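Since the structure comes first, as structure tokens, the remarks are kept for the end.
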Amino acid sequence: MSQLPKLSFGKLATPKSGTAVVFAGEDLAFGELSAEFVNGVTGGIERAAKVAGFKGKKGSHLDLIAPAGLEVDRLIVVGIGSAADMDQNGWTKLGGTVMAALKSAKAEQASIVFEPATVVEALSHKASAFALGIKLAAYNFDTYKTKAPVEDDADKGKDKPVKIDIAIEDAKAAKKAWEADAAISDGVCLARDLVNEPANMLGPVEFAKKAAQLEKLGVEVEILGEKEMKKLKMNALLGVAQGSVRPAQLAIMRWNGGKKDDKPLAFVGKGVVFDTGGISIKPGAGMDEMKGDMGGAATVTGLMHALAGRKAKVNAVGVIGLVENMPDGNAQRPGDIVTAMSGTTIEILNTDAEGRLVLADALWYTQERFKPALMIDLATLTGAVIIALGNHNAGLFTNNDGIAEQLTAAGQSTEELVWRLPLSKDYDKLIDTPNADVKNIGGRSAGSITAAQFLQRFVNDVPWAHLDIAGTAMGAPKTEINTGWASGFGVRLLDRFVADNYEG
Ligand code: BES
Ligand code: MN
Ligand code: ZN
């Protein structure tokens, strides 16, 4: 991950060099210091705004190069519309907009005068939300770029770091608020890095090592290898891995920030480091994208990072099943029947429906061992969810209306949206088979639902939700704060879900 930008919070002051960023409300309403500053522009800011048609509309900006009368090299005026309409996520998106402007200006140093036109409550939290947007928009997967930037072609090399100072009245409070948002930012960027990383570099063992690094944040991490999983009779998960030379791993991450006796919230992730489809092999076109089939596990790891990093007052456990799905002389075949840890027998009719096999054992294990208050799994589970919802909503399946409401609300406030799809006995029948307790595929129709029904057979009465993130974890349309392939979808959503409902 690129390390840019370098962010700091300082006291409110007039920018003297580099790029200055100030905010304007509708009809060029400035804060006191910003007004005084822009009044220094020879000829006045109104003239430039008029020429550019800039009226302070939310998300728009006015870019003045070498503004006569000012000491700075560049002045960017950013519109916020009405400050009262700007919610937390609005500020985060605005941070992304500003980062894009700084990138295209090739700015090396910027001072942001965080003095919105209409003073709004809890300004420090808004500045911190804004900084989150800056960080998320600056993210760039350039680990394997070996060359310095080539002029006029940012794709050809690494970006230069930009130094950004946010100047704000209560810099101390902003810095304090940033501690939490920085942890969230790091969690999202960790999830993105894991998804972007190619499978030759990130196998199950390498991924488990990344999870183990959370120990630095006070997370307790255990890694189970194939021997331990065999003992636990996790034959559904192990069956998927048996065609790969790389051994399966189960990583368990525990963050104990809540009361000692509080049952944990459990998050379970599908971690298929590469999904060829196995013997039911996938077509070649676009198969490279299956390096991201560990997106659920990446989100769980990023979430645990965020929760521990901001010392969330909650007990949480993350469990990720890490395997590689390969065709091989030892690979599992269509028609094979395996017995899952729960004792349920599964007829495997398509080795490409592997994620649900991994989750079957990971969910059962989590529920049996931790007796969680609730359990949420995340998985790039089905292509069908992309057909149903495109890239703008994750599919949500749950046995609990309360969780559905909480997740939907958290989705709306972070704009990591979820849309509930049904579960029912009728759909459940579609995965019955004469040869075993259950089969791992339904028919052609309702593919995401039958996948979810399959998972539900490995969940007892515990409140549970399944998020199918095949369309949102990767390849989603670019936004203000997501400019690359891997989005880190779910980290901000679930962090908010926890913060709003489960922290005291
Ligand atoms: N990992 C895929 C689902 C996927 C597809 C994720 C596209 C991201 C983008 C999953 O393992 C899979 O192959 N599912 C099959 C299920 C089918 C065989 C029942 C699918 O969706 O086609
Ligand atoms: Mn598959
Ligand atoms: Zn898969």
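Note: hydrogens, waters and symmetry copies are ignored here, and every other heavy atom, side chains too, is used. We number each residue from 1, following the sequence as shown. From a predicted model like this one, the values you see are computed outputs, not experimental measurements. Just so you know, ligand 1 is whichever comes first in the structure, and atom 1 is the first atom listed for that ligand.
Residue Lys58 places its NZ atom among more than 12 non-hydrogen atoms of other residues, nucleotides or ligands, all under 6.0 Å distant.
To the nearest 10 degrees, the Zn ion (ligand 3) sees NZ of Lys270 and OD2 of Asp293 at an angle of 90°.
For atom 2 (C) of ligand 1, the closest heavy atom belonging to the protein is Asp275 OD2, 3.6 Å. Looking at atom 20 (C) of ligand 1, its nearest protein heavy atom turns out to be Gly383 N, 3.9 Å.
A donor-acceptor pair shorter than 3.5 Å can be found between the side chains of Asp275 and Asn325.
The closest heavy-atom contact to atom 16 (C) of ligand 1, among the options Glu289, Met294, Arg356, Met290, comes from Arg356.
Note on Glu222 versus Arg254: salt bridge recorded, some NZ/NE/NH1/NH2 to OD/OE distance being below 4.0 Å. Between Glu503 and Arg310 there is a salt bridge, with a side-chain nitrogen of the basic residue lying less than 4.0 Å from a carboxylate oxygen of the acidic one. In summary, Asp401 and Arg420 engage in a salt bridge, as defined by a charged side-chain N under 4.0 Å from a carboxylate O. Remark: Asp377 does not engage Lys270 in a salt bridge, criterion side-chain N to carboxylate O under 4.0 Å. For the pair Lys291 and Asp288, the salt-bridge criterion is not met [side-chain N within less than 4.0 Å of a carboxylate O].
Side-chain contact between Val317 and Trp255: absent, with no pair of heavy atoms (C-beta onward) separated by less than 4.5 Å.
Less than 4.0 angstrom separates some heavy atom of Thr382 from each of these atoms of ligand 1: 3 (C), 21 (O). Residue-ligand proximity, Asn350 to ligand 1, at heavy-atom distances under 4.0 Å covers atoms 18 (C). For ligand 1, the atoms closer than 4.0 angstrom to any heavy atom of Met474 are 8 (C). Near Ile441, the atoms of ligand 1 lying under 4.0 angstrom from a non-hydrogen atom of the residue are 19 (C).
Residue Leu381 places a heavy atom less than 4.0 Å from ligand 1. Taking 4.0 Å as the cut-off, Lys270 counts as a neighbour of ligand 1 on heavy-atom distance.
Using a 4.0 Å threshold on non-hydrogen atoms, atom 22 (O) of ligand 1 does not count as touching the protein.
Both the backbone and the side chain of Asp352 come within contact range of ligand 1, each with a heavy atom under 4.0 Å.
Rounding to the nearest 0.5 Å places CD of Gln456 at 12.0 Å from CD1 of Ile449.
Checked options Thr344, Asp437, Asp428; the residue passing with Arg457 is Asp428 (criterion: side chain to side chain donor-acceptor pair (under 3.5 Å)).
At a 3.5 angstrom cut-off on N or O pairs, Glu354 counts as close to ligand 1.
Looking at Asp275 and the Mn ion (ligand 2) together, the shortest N, O or S contact belongs to OD2. Nearest N/O/S atom of Glu354 with respect to the Zn ion (ligand 3) is recorded as OE2. In Glu354, the N, O or S atom that comes nearest to the Mn ion (ligand 2) is OE1. Taking the N/O/S atoms of Asp275 in turn, the shortest distance to the Zn ion (ligand 3) belongs to OD2.
With hydrogens and angles disregarded, no donor-acceptor distance shorter than 3.5 Å links the side chain of Asn399 to the backbone of Pro463.
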